[in-house]
Amino acid sequence: MSTPENIIIIGSGPAGYTAAIYAARAQLRPLLFEGKQLGGQPGGQLMLTTEVENFPGFPEGLLGSELMERFKKQAERFGTRIVSDDVVSVDFSARFQTVIARSEATKQSLPLIVRTNETEYSSHAVIICTGAKALWLNVPGEKEYQGRGVSACATCDGFFFKDKQVVVVGGGDAAMEEANLLTRFASKVTVIHRREELRASKIMQERAMKNPKIEFVWNTEVREILGNGNKLTGVRIFNNKTNEESIFETDGLFVAIGHQPNTDLFVNQLELDRKGYIVIKPGTSKTSVDGVFAGGDVIDPYYRQAITAAGTGCIAALDAERWLTSLK
């Protein structure tokens with residue numbers, strides 16, 4: 001095993017790159033694993049977004065992939081070392097095992113272990129920014145038209161559907177929230193749900209059902225995403241009560257069946273909540289293990305925005321720097 005790193009950052013979305021920028025400017029020479037699979041691909045979910053118009057400092061907007069490339073170049077400019085390998089396992093046990101003969105200071109100085117398929121690394125501090133991934137329908141045409149009519153974020157993409165008709169798939173609170181938000185832009189929002197009643201809370205159901213722009217199609221599943229090669233034009237739907245199949249024309253499809261944090265690596269290593277998100281100490285980025293910090297969507301089931309992820313990435317780097325300083 002090589003000499004321990006100061007900081008290893010796992011993940012390369014807005015949170016990971018922002019943490020790297022701050023850590024690198026603090027002369028900590030961070031090592032960042034961008035991964036080939038974390039969050040779907042290097043750069044996280046923004047790589048699936050065509051145009052980003054709500055990130056401050058870019059009044060004309062820019063492609064999600066271009067924004068992430070700028071993040072990466074800025075991190076590299078200050079000395080971040082970027083490795084494209086996936087992290088396949090971690091071992092934080094040295095920090096949380098209780099050994100009577102081991103002082104707290106000794107325990108904190110023991111390294112954290114991060115492994116790829118090829119190499120084992122050790123580090124004094126680790127920042128986790130592995131993000132979360134939207135749960136998709138996994139039907140034909142879905143991947144092809146992501147960013148071209150298919151989305152999982154109304155806050156991000158709703159503006160592009162002004163005065164158009166869109167579909168929301170889902171029946172929980174997230175789906176009702178997306179549907180209500182989309183009515184600010186779309187002329188009509190159709191909620192397609194596979195059951196005959198919603199799973200959303202009563203207040204969210206009432207809010208959606210009272211909205212004159214929202215209609216519901218019950219007992220129905222989306223079987224295929226249709227398009228003209230450039231953009232989505234409709235969906236093939238199946239009524240699971242009548243077994244009838246039909247084409248539903250629409251300008252946009254928003255999948256709102258939930259998100260899953262990318263935390264499989266950290267089961268039995270960190271405290272996770274019941275949905276799998278990393279638990280942090282309020283007002284900080286500190287996890288349940290000394291020297292391990294987290295930022296971005298992996299700690300955030302509510303906002304899931306590039307700007308909030310970047311902010312928590314900054315917090316994680318500052319917390320890590322101060323923690324390392326306290327250990328001298």
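Being a predicted model, the structure only gives us computed values, none of them experimental.
- In this structure a side-chain-to-backbone donor-acceptor pair under 3.5 Å is missing from Ser122 to Leu112.
- The structure places CZ of Phe161 at 11.5 Å from CZ of Phe185, a figure rounded to the nearest 0.5 Å.
- Rounding to the nearest 0.5 angstrom, the gap separating the CZ atom in Phe293 from the NZ atom in Lys281 is 9.0 Å.
- Salt-bridge annotation for Arg29 and Glu5: absent, with no side-chain N of the basic residue lying under 4.0 Å from a carboxylate O of the acidic one.
- Glu53 CD to Phe160 CZ: the interatomic distance, rounded to the nearest 0.5 Å, is 4.0 Å.
- Side-chain heavy atoms closer than 4.5 Å link hydrophobic residues (I, L, V, M, F, W, Y) into clusters, and following such links, possibly through other members, connects Phe71 to Val52.
- A distance-only check finds no donor-acceptor pair linking the side chain of Lys213 to the backbone of Val189 [under 3.5 Å].
- Smallest separation of non-hydrogen atoms from Ser151 and Asp157: OG-OD2, 2.6 Å.
- The side-chain heavy atoms of Phe58 and Leu67, taken from C-beta on, include a pair separated by under 4.5 Å.
- Environment of CZ in Arg25: sparse, with no more than 12 heavy atoms of neighbouring residues, nucleotides or ligands closer than 6.0 Å.
- A side-chain contact (heavy atoms from CB on, under 4.5 Å) with Asp273 is found for one member of Val279, Ile299, Thr263, Ile278 and no other, namely Val279.
- Counted by atom type alone, Thr130 and Asn262 present zero donor-acceptor pairs between their side chains at under 3.5 Å.
- Using a distance-only test at 3.5 Å, with no hydrogens or angles considered, no donor-acceptor pair links the side chain of Thr116 to the main chain of Asp85.
- For Tyr22, the OH atom counts as loosely surrounded, since its 6.0 Å shell holds 12 or fewer non-hydrogen atoms of other residues, nucleotides or ligands.
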Does Trp136 form a side-chain contact (heavy atoms from CB on, under 4.5 Å) with Val150? I'd like the steps, not just the answer. CA-CA 10 Å; Trp136 296 97; Val150 176; 3.8 Å; yes

Take Ile8 and Phe33 through the test side-chain contact (heavy atoms from CB on, under 4.5 Å) and record every step on the way to the result. CA-CA 8 Å; Ile8 285 178; Phe33 290 93; 3.7 Å; yes

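- In the model, Asn211 has a side-chain atom that pairs as donor or acceptor with a side-chain atom of Asn180 under 3.5 Å.
- Counting only heavy atoms from C-beta outward, the side chains of Phe254 and Val166 approach each other to under 4.5 Å.
- Put simply, CD1 on Ile7 and CG on Leu28 are 4.5 Å apart, with the number rounded to the nearest 0.5 Å.
- No donor-acceptor pair closer than 3.5 Å links the side chain of Asn219 to the backbone N or O of Asn240.
- Under a 3.5 Å cut-off, the side chain of Thr183 and the backbone N or O of Leu181 do not form any donor-acceptor pair.
- A distance-only check finds a donor-acceptor pair linking the side chain of Gln269 to the backbone of Phe92 [under 3.5 Å].
- When side chains are defined from C-beta on, Phe266 counts as touching Ile128, because their heavy atoms get closer than 4.5 Å.
- Side-chain contact between Arg236 and Leu226 is present, with heavy atoms from C-beta onward closer than 4.5 Å.
- Tracing side-chain contacts under 4.5 Å through hydrophobic residues (I, L, V, M, F, W, Y), one reaches Tyr121 starting from Val292; they form part of the same cluster.
- The one candidate from Ile82, Val83, Ile127 that meets the side-chain contact (heavy atoms from CB on, under 4.5 Å) condition with Leu32 is Ile82.
- In this structure, the side chains of Ile237 and Ile192 come closer than 4.5 Å at one or more pairs of heavy atoms.
- Ala75 pairs by the side chain to side chain contact (heavy atoms under 4.5 Å, CB included) definition with Tyr17, Ala20, Ile21, Thr80, not counting sequence neighbours.
- Looking at heavy atoms from C-beta onward, Gln305 lies out of side-chain contact with Asp300 at the 4.5 angstrom threshold.
- Ser187 and Asp163 share no side-chain donor-acceptor pair at under 3.5 Å.
- Remark: Asn239 CG to Ser246 OG distance equals 8.0 Å, nearest 0.5 Å.
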So Tyr302 and Tyr277, ring-ring contact (aromatic ring centres under 6.0 Å, His included) or not? Walk me through it. CA-CA 11 Å; Tyr302 302 109; Tyr277 289 87; 8.2 Å; no

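- The salt bridge (Lys or Arg N to Asp or Glu O under 4.0 Å) contacts involving residues 165-194 comprise Lys188-Glu215, where partners must be two or more places apart or lie in separate chains.
- The shortest side-chain heavy-atom distance between Glu69 and Lys73 falls under the 4.5 Å cut-off.
- Considering every non-hydrogen atom in both Pro301 and Arg304, the closest pair reads O-NH1, 2.5 Å.
- Minimum heavy-atom separation, Leu324 to His124: CD2-CB, 3.6 Å.
- Looking only at side-chain heavy atoms (C-beta outward), Asp290 and Trp323 come within less than 4.5 Å of each other.
- Judged purely by atom type and a 3.5 angstrom limit, Arg148 uses its side chain to pair as donor or acceptor with the backbone of Glu144.
- Considering every non-hydrogen atom in both Ala317 and Ala23, the closest pair reads CB-N, 4.1 Å.
- In this structure, Ile307 is a member of the same hydrophobic cluster as Met68, with clusters built from ILVMFWY side-chain heavy atoms closer than 4.5 Å.
- In terms of heavy-atom proximity, Val191 sits nearest to Ala179 at CG2-CB, 3.9 Å.
- Linking ILVMFWY residues whenever their side-chain heavy atoms come closer than 4.5 Å, directly or via other members, places Val169 and Val217 in the same cluster.
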From CA spacing to verdict: side-chain contact (heavy atoms from CB on, under 4.5 Å), Val255, Leu135: CA-CA 8 Å; Val255 180; Leu135 299 177; over 6 Å; no

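- Note: Ser123 OG to Asn6 CG = 7.0 Å, rounded to the nearest 0.5 Å.
- A donor-acceptor contact closer than 3.5 angstrom is absent between the side chains of Thr233 and Asn228.
- Follow the hydrophobic side-chain contacts under 4.5 Å out from Trp218 and you reach Ile214 in the same cluster.
- Looking only at distances, no side-chain donor or acceptor of Glu120 sits under 3.5 Å from a matching main-chain atom of Arg115.
- The minimum heavy-atom distance between Ser285 and Ala316, with the atom names listed, is OG-CA, 3.1 Å.
- Around the CZ atom of Arg81, the shell of radius 6.0 Å holds more than 12 heavy atoms that belong to other residues, nucleotides or ligands.
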Check step by step if side-chain contact (heavy atoms from CB on, under 4.5 Å) holds for Glu142 and Gln146. CA-CA 6 Å; Glu142 186 175 48; Gln146 282 177 7; 4.2 Å; yes

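- The list of salt bridge (Lys or Arg N to Asp or Glu O under 4.0 Å) pairs with a residue in residues 247-266, not counting sequence neighbours, is empty.
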